[in-house]
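Scroll down for the structure; my scribbles are underneath it.
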Amino acid sequence: MGDHEEPISGQYQCELGTDCESDSDKSLDYGSDASEYDFEELESLRMQKGKEVNDKLSHYKDLDKSMTFKDLEEAKKVMNFYAIANSKPLKLRKSDKIRVRYICVVGCPFVCLISEDKKGPGFKIKTLKTKHNYEDAFENPIAKTKTIAEYFRSKVQNNPKYKIMDMKLDLKNQFSLNVHNSTLKRAKSMTLQQLQGSFLDDYNKLEAYENEIRESNPSSDVVINLSKDAMAEGKKRFLRMYICFNAMKLGFKQGLRPFIGLDKTFLKGHCKGQLLVVVAQDFQNHFYPLAWAVVDKENTLTWT
């Protein structure tokens with residue numbers, strides 16, 4: 001393999017990570033006193049949670065007066081995506097610590113005022129007129145670097161070599177939106193920097209994840225190896241991880257077929273590697289996972 005491993009110990013700090021958790025992907029927090037909202041409002045709040053930033057921004061097509069946001073940054077994100085999804089050139093007319101107000105072009109009746117929610121923590125739409133009498137915008141002033149970076153985050157994560165021209169073509173095909181190449185370059189650079197930071201954060205959580213498995217699943221096996229070569233240089237770099245839950249062991253012993261199969265798949269995205277899986281079968285020929293490992297490459301040593 002050209003590398004050696006050491007079991008994880010002490011403060012865990014890694015150079016890379018495998019997945020990301022962005023602020024834009026977190027569910028919205030609407031406060032704890034649900035009794036202050038009626039049934040329709042609660043339904044509207046539930047629909048807002050976990051909005052996915054998909055290709056067509058379908059979750060951001062519509063606005064509703066009962067919509068609530070955890071802070072003004074979340075409100076601005078939703079309004080920016082709404083403007084892009086509907087090809088409307090919205091403008092931020094008023095913005096301070098307690099409210100934001102959006103309008104369209106001169107003569108368009110659209111207006112949206114978002115301010116503090118008196119019923120609880122967070123912010124709520126107080127004034128909303130969704131009617132537009134202006135044609136779609138081919139160049140939208142609200143499509144700035146941060147918004148474009150959030151839109152392309154998952155695509156750049158899965159393919160760091162995602163080309164600027166492909167980004168430009170995607171926006172044109174999905175929203176008839178023209179964005180300058182300089183804005184797209186800054187957006188891609190911002191996304192890559194954010195992802196790199198989130199990879200580091202996620203790898204630094206591995207030791208806590210290992211401890212949690214040992215506490216919540218006694219007799220389970222979890223092994224995390226660090227690169228010995230990197231440790232010789234005074235660094236800690238993730239190399240391999242193996243997990244086998246005790247419940248999987250017991251289930252196999254208590255009635256599964258005496259059969260064990262091996263499978264693998266390549267890990268794509270920013271961090272490469274392979275996922276090795278050991279599976280069994282029950283008496284209805286259903287697959288039953290026994291153990292799995294994330295490794296740098298497949299060979300006799302990593303399978304062992």
Q. Under 3.5 Å, is there a donor-acceptor pair between the Gln174 and Asp55 side chains?
A. no
Q. Once you round to the nearest 0.5 Å, how far does CG of Leu113 lie from NZ of Lys94?
A. 10.5 Å
Q) Are more than 12 heavy atoms from other residues, nucleotides or ligands located less than 6.0 Å from atom NZ of Lys126? A) yes
Q) Any chain of hydrophobic side-chain contacts (each under 4.5 Å) joining Leu262 to Leu276? A) yes
Q. Which atoms form the tightest heavy-atom contact between Trp303 and Glu298, and what is the distance?
A. NE1-OE2, 2.8 Å
Q. Side chains of Ile260 and Phe252: does their closest heavy-atom pair fall under 4.5 Å?
A. yes
Q. Any Lys/Arg nitrogen of Lys146 or Glu73 sitting under 4.0 Å from an Asp/Glu carboxylate oxygen of the other?
A. yes
Q: Considering non-hydrogen atoms only, spot the tightest contact between Tyr151 and Val53 and give its length.
A: CA-CG1, 4.0 Å
**Q.** Pair Lys188-Ile164, side-chain contact (heavy atoms from CB on, under 4.5 Å): steps then yes or no
**A.** CA-CA 8 Å; Lys188 181 179 179 181; Ile164 299 300; 4.1 Å; yes
Q. Rounded to the nearest 0.5 Å, what separation is found between the OG1 atom of Thr68 and the CD atom of Glu74?
A. 11.5 Å
Q) What closest approach, in Å, do Gly251 and Tyr288 show between heavy atoms, and which atom pair accounts for it? A) CA-OH, 3.3 Å
Q) Would you call Tyr102 and Lys91 a side-chain contact if the rule is heavy atoms closer than 4.5 Å? A) no
Q.
For Arg93, is the CZ atom crowded, meaning more than 12 foreign heavy atoms sit under 6.0 Å from it?
A. no
Q: Quick one: pull up CE in Met231 and NZ in Lys228 and give me the separation to the nearest 0.5 Å.
A: 9.5 Å
Q) With distance as the sole test, does Lys129 use its side chain to make a donor-acceptor pair with the main-chain N or O of Cys112 at under 3.5 Å? A) no
Q. Are any non-hydrogen side-chain atoms of Phe138 and Phe175 less than 4.5 angstrom apart?
A. no
Q. Any chain of hydrophobic side-chain contacts (each under 4.5 Å) joining Ile213 to Leu290?
A. yes
Q: Indicate the atoms forming the closest heavy-atom contact of Thr145 with Met190, along with that distance.
A: CG2-CE, 3.7 Å
Q) Between the side chains of Asp64 and Ser66, does any donor sit under 3.5 Å from an acceptor? A) yes
(Q) Please determine whether side-chain contact (heavy atoms from CB on, under 4.5 Å) holds for the pair Phe81 and Leu57, giving the CA-CA distance in whole Å, both sets of side-chain angles, and the decisive distance to 0.1 Å. (A) CA-CA 7 Å; Phe81 282 155; Leu57 293 176; 4.0 Å; yes
(Q) Apply side-chain contact (heavy atoms from CB on, under 4.5 Å) to residues Thr147 and Ile142 and explain how you reach the verdict. (A) CA-CA 8 Å; Thr147 301; Ile142 212 167; 5.9 Å; no
Q.
Distance alone, cut at 3.5 Å: any donor-acceptor contact between the side chains of Asn80 and Lys144?
A. no
Q) Within the side chain of Thr302, is there an N or O that forms a donor-acceptor pair under 3.5 Å with the backbone of Lys297? A) yes
**Q.** Connected via hydrophobic side-chain network under 4.5 Å: Tyr134 and Tyr82
**A.** no
Q. Should Phe69 and Leu128 be regarded as members of a common hydrophobic cluster, given that ILVMFWY residues are connected when their side-chain heavy atoms come within less than 4.5 Å of each other, either directly or indirectly?
A. yes
(Q) Nearest 0.5 Å, please: how far is OG in Ser219 from CG in Leu250? (A) 8.0 Å
Q. Under a single-linkage definition using a 4.5 Å side-chain heavy-atom cutoff for Ile, Leu, Val, Met, Phe, Trp and Tyr, are Leu192 and Tyr162 assigned to the same hydrophobic cluster?
A. yes
Q) Are the side chain of Asn225 and the backbone of Met241 linked by a donor-acceptor contact shorter than 3.5 Å? A) no
(Q) Show, in sequence, the C-alpha distance, side-chain angles and deciding distance for Leu90 and His132, and conclude whether the side-chain contact (heavy atoms from CB on, under 4.5 Å) test is met. (A) CA-CA 11 Å; Leu90 300 189; His132 288 273; 3.9 Å; yes
**Q.** Side chain to side chain, Ile148 and Leu184, heavy atoms closer than 4.5 Å
**A.** yes
Q) With sequence neighbours left out, what residues match Lys88 under salt bridge (Lys or Arg N to Asp or Glu O under 4.0 Å)? A) Asp136
Q) Measuring from Met167:CE to Asn181:CG, what's the distance to the nearest 0.5 Å? A) 10.0 Å
**Q.** Close side-chain approach of Ile114 to Arg99, heavy-atom, < 4.5 Å
**A.** no
(Q) Salt bridge or not between Asp170 and Lys155? Use side-chain N to carboxylate O under 4.0 Å. (A) yes
Q. If only atom types and distance count, is the side chain of Ser220 paired as donor or acceptor with the main-chain N or O of Asn246 below 3.5 Å?
A. yes
**Q.** Taking every non-hydrogen atom, the tightest pair across Ala143 and Val179
**A.** CB-CG2, 4.5 Å
Q | Close side-chain approach of Val222 to Tyr209, heavy-atom, < 4.5 Å | A | no
Q. Taking all non-hydrogen atoms of both residues, which atom of Pro109 and which atom of Lys131 are closest, and how far apart?
A. CG-O, 3.4 Å
Q) Is there a donor-acceptor pair closer than 3.5 Å between any side-chain N or O of Ser189 and the backbone N or O of Lys185? A) no
Q. Would you say the side chain of Lys124 lies within less than 4.5 Å of the side chain of Lys118, judging by non-hydrogen atoms?
A. no
(Q) Nearest 0.5 angstrom please: Ser115 OG to Asp96 CG, how far? (A) 9.5 Å
Q. Any salt bridge between Lys249 and Asp221, counting N to O under 4.0 Å?
A. yes
Q) Is there a side-chain contact between Val295 and Lys264, using heavy atoms and a 4.5 Å cut-off? A) no
Q. Under the 3.5 angstrom rule, does the side chain of Asp282 hit a backbone N or O of His286 as a donor-acceptor pair?
A. yes
